[in-house]
Amino acid sequence: MTNNIKAGIVSYGCYIPRYRIKTEEIAKIQGQDAEAVKKSLVLQEKSVPGIDEDTITISVEAARNCLRKTNLDPGRIDAIYIGSESHPYAVKPTGTVVAKAINADPRLTVADFEFACKAGTAAVQAGLAMVKADMAEYSLCGGSDTAQAAPGDPLEYTAAAGGALFLLGKNNVIAEIKHTCSYTTDTPDFWRRKHQKYPSHGGLFTGEPAYFKHIVSSTKLLLKETGMKVSDFNYAVFHQPNGKFYLRAAKLLGFSEEQYKDGLLCPLIGNTYSGASLIGLCNVLDKAKPGDKILLTSYGSGAGSDSFYLEVADAIEELRKGCKVPDVKHYLENKKYVTYSEMVKLGRELHG
Amino acid sequence: MKKVAIVGIGMTKLGNLWDKDFSQLGLEAGSKAVFDAGLTSKDINSLYVGTMSSGLFVEQEHTGSLFSGMLGLNNVPATRVEGACASGGIAIRQAYLDILSGKSNVSMALGVEKMTDVSLSQATKALATASSQNFEAWFGATFPALYAMIARLHMHKYGTTEEQMALCAVKNHKNAIHNEYAQFRKEIKVEDVMGSTMVSDPIKLLDCSPITDGAASVILADEESAKKLTDTPIWINASSQGSDVISLHERQDMTTLSATVKAAKDAFLQSKLKPKDIKCVEVHDCFTIAELCALEDLGFCKKGDAGRFIEDGNTHLNAEISVNASGGLKAKGHPIGASGIAQAVEAVTQLRQEAKHRQVDDIKHVMTHNVGGTGGTAVVHIFGRD
Amino acid sequence: MAIPRYWRNTQHYYNLIGSKCKKCGRVYFPQRSVCADDDSAELEEHPLSREGKILTFTVLRTSLSDPSKENTDVIVSEMPLVLAIIELEKGVNVTAPIIECEPEDIKIGSKVEAVFRKIMEKGEKGILGYSYKFRLMR
């Protein structure tokens, strides 16, 4: 459901931690055949957060990157919504720190979102609604995560860190969000109980009835509601718990490599959970031309999907002009490999 | 100008004194000083206690009352003073000013610190309170780290070497062998310092003064009382104090302790002496680099020359200038609030010609130099036989 | 660090905002209400440059963690910790960690930029503290 008021992305920013661990390094510890794992997950490496990084610091860096592209007075942001499943506090919103760190005016509303890996897109829908309802001139919303995985769990290969935030508004829109819809059911494929350090999951059950069913249903719903065809889109981005799921979903829906390749970053940075599909969108926006049409469908366990139809506007050229803010490519290239034991150290298992 | 003399000294052994409580340390040093002066506790008109962080180290504040009671003073004014590691030096200066003002004839300065009742990390944290809590300590800056940044800059600007710094530790250990109160009475070599554990690059473990328990006390008297009490009063020729911003990063020149420069200038003015008149000095060598900075800032060598000055052997016992004949904070020990007073005890011992194997020959004056933090406070005294 | 003290300083720790004397132009960090040079009480907020150069540094190799858990403030940092004094503007320096670097890459004069990182955990249950740290400019 959406009204006809035009609104969309005014600016965007992402952040990916510098450290990476190769799939081989984790396979060595888990006692598995690295080549087999790389092939089955379509994964080379994943990002690892620094010892002093969490969802708050990643969100702040992404927010600052987002705002540095514009001259917008942060005092004009009326809402900050951040989605994550690793908010550092169970009680005390991540967004409060972000608001202070970007010098926002306290006269704004803030809330944290949680819906597994689609908390970021849920936040974007809420932020968009605020703008469309004239309850916010600008909203800053998106998702960040420092995903956890129990040692030895297959999730260890993919659980990564990163985030992306979007400034939404009605003026100087670089990509109009022309439509959004969701598809939500009660499907217990992946969860983390209260006070548990690591999430649990249903193994194979996370595939067919969970990820694929929701991604496909939500995307088809969007196509139906907008009257668009798969071939109308220049780019398609999906949630990416691993490379293989993404590729299969894209093919199931009939998208070509040309359409889906720029949105797929999981093989290089892993699954950044609430950041995953949104960092993919940032990478597409780094390359897209005015008039390009983008489809995005996220997925969050539990379970649900949010789909978006965006159309790139002329203002994107202006935003890019002389821009010195790090783009996705910068973060993909600026990396330092760590060993498994260094990753454990960064995870502070060895520290006070 | 009225004259003030030191007429009594007393101190405890310095070290890790597991069987001695904070209050016992103060009592031992204070009563030794009273006895040395030939007085009774009832003759003391005022007490100044120097302790840096008794609250964090032994959870005891109100130390003026504590020691006045322990020593059996006659309900006289008892005041605690605090200036981080310079607390002891400030206590002497306050006692000196008290006598100059005419309010007291005889005053006691007592420095006490008990550092080993807490864990090493708690001690480190207590010491770090002498830096800016909000803008230095919070970022992980410990005292070795702050002095290491001074050392790095000194090396960068003046070509000072780690070996030159190590020579301070080697010399001070050598001197301490002859000091029965010293914490370490063991010779070390430059290789030992260079090979010791890296604490905060370029500062290594043997560049650092230790964690020490101990107390020291001096009794000051006006001219008339002093002459009645002793044939060898040791006169205070100068007492001066300087201050500076608390954070190292706020200083214009981070290799110069402006508080020391100011205090030294005042001390030379008061005493009508020049650096070349001083043949024996106790400087605040909490880290070896601090001894280098002190020699420059006090005027014994040019800025940037201390490394070479030390390397040329000028600071050995009975060389050009005997620096830290006691073993300094490095080897004698650094019971924070007591250190400034222990320096004065050494000065008096030297001037009374009672320092035995570490006696500096033919001296008329001894200077002491006591620093708080990275140089936020500095106290300089010159003591003399006349 | 006590919670109110941290809270009062977030403008410094998050945003490096100092103050500037309207009369003489001297910049202070942390902020001040009275200028030390001319005693003027007219100072205005002044955001500092987020880029600077290293004046001096050290590599702290002693662990800051407290195995006995007696101190509730845990300083969150990589070990070894590279600590530096950084000049942000003429006469305005800060002490802060340099992160994501090999100690041997750090030189006096190296250019650095501010980042936002976690610096303190008040035990396992207490608040989290965030602040500026720096990294080498790429």
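Order of the sequence lines sets the chain letters (A, B, ...), proteins ahead of strands, with each chain counted from 1.
- Between Arg152(B) and Val59(C) the shortest heavy-atom distance is NH2-N, 4.5 Å.
- Shortest non-hydrogen contact noted between Ser200(B) and Thr58(C) is OG-OG1, 2.7 Å.
- Gln252(B) CD: 12 or fewer foreign heavy atoms inside a 6.0 Å radius.
- Pairs engaging residues 241-260 of chain B under the ring-ring contact (aromatic ring centres under 6.0 Å, His included) rule: none recorded [sequence neighbours left out].
- Ala36(C) does not touch chain B: none of its heavy atoms, backbone or side chain, sits under 4.5 Å away.
- The local environment of CD in Glu44(C) is crowded, with over 12 non-hydrogen atoms from other residues, nucleotides or ligands closer than 6.0 Å.
- Counting heavy-atom pairs closer than 4.5 Å to chain B, the top residue among Tyr6(C), Tyr13(C), Tyr132(C) is Tyr13(C).
- Contact tally against chain B (heavy-atom pairs below 4.5 Å) for Ile86(C), Thr95(C), Ile119(C): the top residue is Thr95(C).
- For Lys157(B), the NZ atom sits in a packed shell: over 12 heavy atoms of surrounding residues, nucleotides or ligands are nearer than 6.0 Å.
- For the pair Thr56(C) (side chain) and Met149(B) (backbone), a donor-acceptor distance under 3.5 Å is present.
- For Lys53(C), the NZ atom is loosely surrounded, since the number of other residues' heavy atoms within 6.0 Å does not exceed 12.
- The closest side-chain heavy-atom distance from Leu153(B) to Ile108(C) is below 4.5 Å.
- Heavy-atom neighbours of chain C within the stretch residues 127-138 of chain B, taken at a separation under 4.5 angstrom, comprise Gln133(B), Asn134(B), Phe135(B), Glu136(B), Ala137(B), Trp138(B).
- Here the straight-line distance linking atom CD1 of Ile75(C) with atom OG1 of Thr142(B) works out to 9.0 Å at 0.5 Å rounding.
- A side-chain contact (heavy atoms from CB on, under 4.5 Å) with Ile85(C) holds for exactly one of Arg251(B), Glu250(B), Met254(B); it is Met254(B).
- Closest heavy-atom contact between Leu83(C) and Ala145(B): CD2-CB, 4.1 Å.
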